[in-house]
Amino acid sequence: MPKTLSSFIGAAKILERRGSADPAVTGLAYDSRKVEPGFLFFALPGLHVDGARFVPMAVAKGAVAVVHEGELPSYDDGVAYLRVQSARLAMSPVAAAFHDDPSGSLAVIGVTGTEGKSTTVSLVFQLLRLAGKRAGFISTVEYCAGDGVIANPEHQTTPEAVTIHQRLAEMRDNGCEFAVIESSSHGLSEKTGRLADVRFDAGIMTNVTHEHLEFHGTHERYKSDKANLFRALDLHAHVKAGKSVPSFGVVNDDDPAAEYFRQATKKPVYRYSTSCSADFPGTWYACGVTADAAGADFSIREAQGPKTPARINLPGAFNVKNALAALIAVAKILGRPVGELAPLLPRLTPVRGRMTVIDEGQDFEVLVDYAHTPSSFREIFPPLRSRVKGRVISLFGSGGERDTLKRPEQGRIAADYSDVVILADEDPRGEDPMTLLEEIAAGCPEKKKGEGLFLIPDRPAAIRKAFSLAKKGDLVLLLGKGHENSIIYRDHTVPYDEIAEAHAALKELKP
């Protein structure tokens, strides 16, 4: 339903207003290409282009109101112009007000961390559904507003506030009780304010490692921005879906940042761990983990308590931690014992592009995964190396215009666990692709080019090279793209689907 501008714009700090109109607003947009008649347009300053340049286009497409920062070259009659100090930071409160504070009607679980966010979000959502609850979620890979699951078309973990509140409103209007949000450090940062007006009831921290320093500047700032999720828990007393359940956090107790996150909130914080020699109260342990190609068997034990047998059918031993985090969060938010929900674990399904098995009848193994950081490499390589009887052939790249320090470290870790390393484009963006790959290759100088090391920027060609080298019993790991649907270059973007490309390349091998 349309809303008069004056009914919700008070959520923003307006410095100056031009135009006397109080138009009926039908929607919000920050991309002029998505403006429809009756929309309010946010003119955001960008890294390369100032959104103020697109105000005339937005008005031509029917925008009836514009939120902007600086003086504009011209002003159209009949359009309300609202000047603010920060158009980006105005989006969250305005979007929340426009959609009638949707997170206030949902029990919201946020998931943050360097790795494991998308999988943990999906597992929380699946467990809520399996427990008979109506839920939605937003993640890097996909989202659900209460009905079917839809692929996320953007390379953005946490969407802009306009999208966040729109999707939360859809969940509320579709009768959802719960919402699960992948909460990136960018989304939690005060610089963007994307999640500033989301009312979180529970927070999960998977881990905190070296990533995104090009945005945050320091590791401490990166960690602090992520901890904003736990600080937000102190803003209200109880989980909205159950008045007797206090807001709470869940942390990976094996991570050095766990204590930092526990100190960030006054609310209860539960722990999970695979270090079964410890026995701390309020901690759940995954013990005796035995991984196979299809998943893992283990037992769950609360501190000083009995063991509960458990199984996940999710490839990758690291998924035991993701599943345990999700299990604790769902049990606590529903007010049910953790062990009571453990029988649901074998019914969980993998996320697309996360340890996805590619099988076209070949006699070697192929896995597609989104791993693209040194810490994620350390998680996936050792257990795979110990399991695989043949050779490990790894293929990956590194994102352009992002943290450069991680590149040789990626090369170092991959070389330690791989027989063959193939470097290919991930998202070079404005950087020279071959120069970028050479920076990764600097981390594995013992690998001889043309034998144990190949630099092939063209990713489809690199995949075909990997498959041509693979023999019976080998493992080919395709890392870094996962679910993504494009490769970004300096002046163009190429549509790309790693899973489809792998299937196509394997089919070409058939006689």
Side-chain angles (χ1 to χ4, degrees), residues 88-89 92 103 108-124 137-141 155-161 164 179-235 247-273 318 321-322 324-326 328-329 370-376 378-379 399 402-403 405-406:
R88 182 172 296 280
L89 295 183
S92 179
S103 67
V108 184
I109 303 168
V111 181
T112 196
T114 308
E115 287 98 29
K117 295 188 299 297
S118 294
T119 294
T120 304
V121 164
S122 175
L123 300 184
V124 171
F137 74 97
I138 303 169
S139 82
T140 307
V141 184
H155 285 223
Q156 195 173 44
T157 299
T158 303
E160 297 289 354
I164 286 286
V180 195
I181 300 178
E182 184 169 349
S183 307
S184 68
S185 56
H186 289 67
L188 291 163
S189 170
E190 290 91 347
K191 291 182 185 178
T192 71
R194 292 178 197 167
L195 296 171
D197 293 271
V198 174
R199 302 190 188 196
F200 287 102
D201 296 272
I204 300 173
M205 182 277 278
T206 60
N207 64 352
V208 179
T209 61
H210 186 94
E211 180 72 330
H212 294 306
L213 299 191
E214 81 288 340
F215 176 81
H216 299 279
T218 67
H219 181 74
E220 283 303 309
R221 181 76 261 165
Y222 174 59
K223 183 169 65 174
S224 178
D225 284 343
K226 283 190 170 296
N228 283 337
L229 172 61
F230 279 54
R231 297 182 185 108
L233 300 176
D234 292 345
L235 299 179
S247 304
F248 63 90
V250 178
V251 298
N252 174 6
D253 208 44
D254 297 334
D255 191 273
E259 179 62 24
Y260 183 88
F261 278 73
R262 285 198 295 271
Q263 295 299 322
T265 180
K266 298 180 178 66
K267 296 302 174 71
V269 177
Y270 305 102
R271 314 177 192 187
Y272 63 98
S273 172
F318 57 86
K321 282 190 176 182
N322 295 332
L324 186 55
I328 296 167
Y370 189 53
H372 61 283
T373 64
S375 54
S376 60
R378 293 189 194 97
E379 283 282 349
R402 297 294 186 269
D403 182 10
L405 296 178
K406 72 177 186 179

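Partners of Asn207 by side chain to side chain donor-acceptor pair (under 3.5 Å), not counting sequence neighbours, listed by chain and number: Glu115. In this structure Ser122 satisfies the side chain to side chain contact (heavy atoms under 4.5 Å, CB included) test together with Gln126, Val351, sequence neighbours excluded. Considering only residues two or more places apart in sequence or on other chains, Arg262 meets the salt bridge (Lys or Arg N to Asp or Glu O under 4.0 Å) condition with Asp253, Glu259. Scored by the side chain to side chain donor-acceptor pair (under 3.5 Å) test, Thr119 finds no partners at all (sequence neighbours excluded). Taking the side chain to side chain donor-acceptor pair (under 3.5 Å) definition, one finds that Ser103 meets it with nothing, sequence neighbours left out. For Ser92, the side chain to side chain contact (heavy atoms under 4.5 Å, CB included) partners at least two apart in sequence or on another chain are Ala161, His165, Ala196, Asp197. Take Tyr260 and apply the side chain to side chain donor-acceptor pair (under 3.5 Å) test, not counting sequence neighbours, and it matches Arg231. With sequence neighbours excluded, no residue forms a ring-ring contact (aromatic ring centres under 6.0 Å, His included) with Phe318.
Counting non-hydrogen atoms of neighbouring residues, nucleotides and ligands closer than 6.0 angstrom, the CZ atom of Arg199 reaches no more than 12 such neighbours.
Side-chain N or O atoms of Ser375 include none that pairs as donor or acceptor with a backbone N or O of Thr373 at under 3.5 Å.
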Margin query: side chain to side chain donor-acceptor pair (under 3.5 Å), that's the test. Do Tyr370 and Ser376 meet it? Break it down for me.
Written below: CA-CA 9 Å; Tyr370 189 53; Ser376 60; over 6 Å; no

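One distance of note links CD of Glu379 with OG1 of Thr114; it measures 11.0 Å at 0.5 Å rounding.
Taking 4.5 Å as the limit, every side-chain heavy atom of Val269 sits out of range of all side-chain heavy atoms of Phe261. The side-chain heavy atoms of Arg378 and Pro374, taken from C-beta on, include a pair separated by under 4.5 Å. Looking at Lys226 and Met205, their side chains never come closer than 4.5 Å, going by heavy atoms from C-beta outward.
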